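For reference, the structure is listed below as structure tokens.
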Amino acid sequence: MAPNVQDSFFAGHLGLASFELAVDDRLSDEVGELIAGLPISAPASFVDRWFTLFRFEADWDGKWWEDMPWEHVKSWAVD
């Protein structure tokens, strides 16, 4: 049985860099340089057209990025 999703809070997110920065902090400078060097200004907001849902399990107490199994469930476009 799936849990009642109304009882859960979900916060979707986009990630440029994630756990990699905790594993090797040298990447923080590289990511910062990449962002600073982009020839664009970040918009105040944006509308995403594509969404993708993944199913995964993780041991959040361990190094989840090394052994987290995931599976693509569905992708869809919103007009």
Side-chain angles (χ1 to χ4, degrees):
M1 297 288 295
N4 184 345
V5 295
Q6 292 176 326
D7 295 337
S8 301
F9 174 77
F10 173 77
H13 64 279
L14 301 173
L16 171 64
S18 181
F19 63 87
E20 300 91 348
L21 300 179
V23 173
D24 187 345
D25 62 0
R26 294 175 301 164
L27 296 174
S28 296
D29 292 336
E30 292 180 21
V31 170
E33 289 174 19
L34 172 71
I35 293 170
L38 292 174
I40 59 171
S41 298
S45 65
F46 69 94
V47 176
D48 196 358
R49 185 167 174 259
W50 283 93
F51 295 87
T52 302
L53 178 64
F54 293 94
R55 175 183 304 124
F56 64 90
E57 289 184 29
D59 173 7
W60 299 114
D61 293 327
K63 293 184 176 182
W64 55 268
W65 59 89
E66 292 181 356
D67 60 6
M68 180 175 74
W70 59 272
E71 174 187 359
H72 174 254
V73 176
K74 180 179 179 176
S75 292
W76 61 98
V78 176
D79 294 323

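All values derive from a computational prediction rather than experimental measurement.
Through direct or indirect side-chain contacts shorter than 4.5 Å among Ile, Leu, Val, Met, Phe, Trp and Tyr, W50 is connected to no other residue.
To the nearest 0.5 Å, atoms NZ (K74) and OG1 (T52) are separated by 11.0 Å.
For R55, the side chain to side chain donor-acceptor pair (under 3.5 Å) partners two or more places apart in sequence, or in a different chain, are E71. With sequence neighbours excluded, the residues that form a side-chain contact (heavy atoms from CB on, under 4.5 Å) with W70 are F54, F56. Residues satisfying the salt bridge (charged side-chain N to carboxylate O under 4.0 Å, His left out) criterion with E57, sequence neighbours excluded, are absent altogether. Residues satisfying the side-chain contact (heavy atoms from CB on, under 4.5 Å) test with S45, not counting sequence neighbours, are none.
Identified under the salt bridge (charged side-chain N to carboxylate O under 4.0 Å, His left out) test for residues 28-37, with sequence neighbours left out: none.
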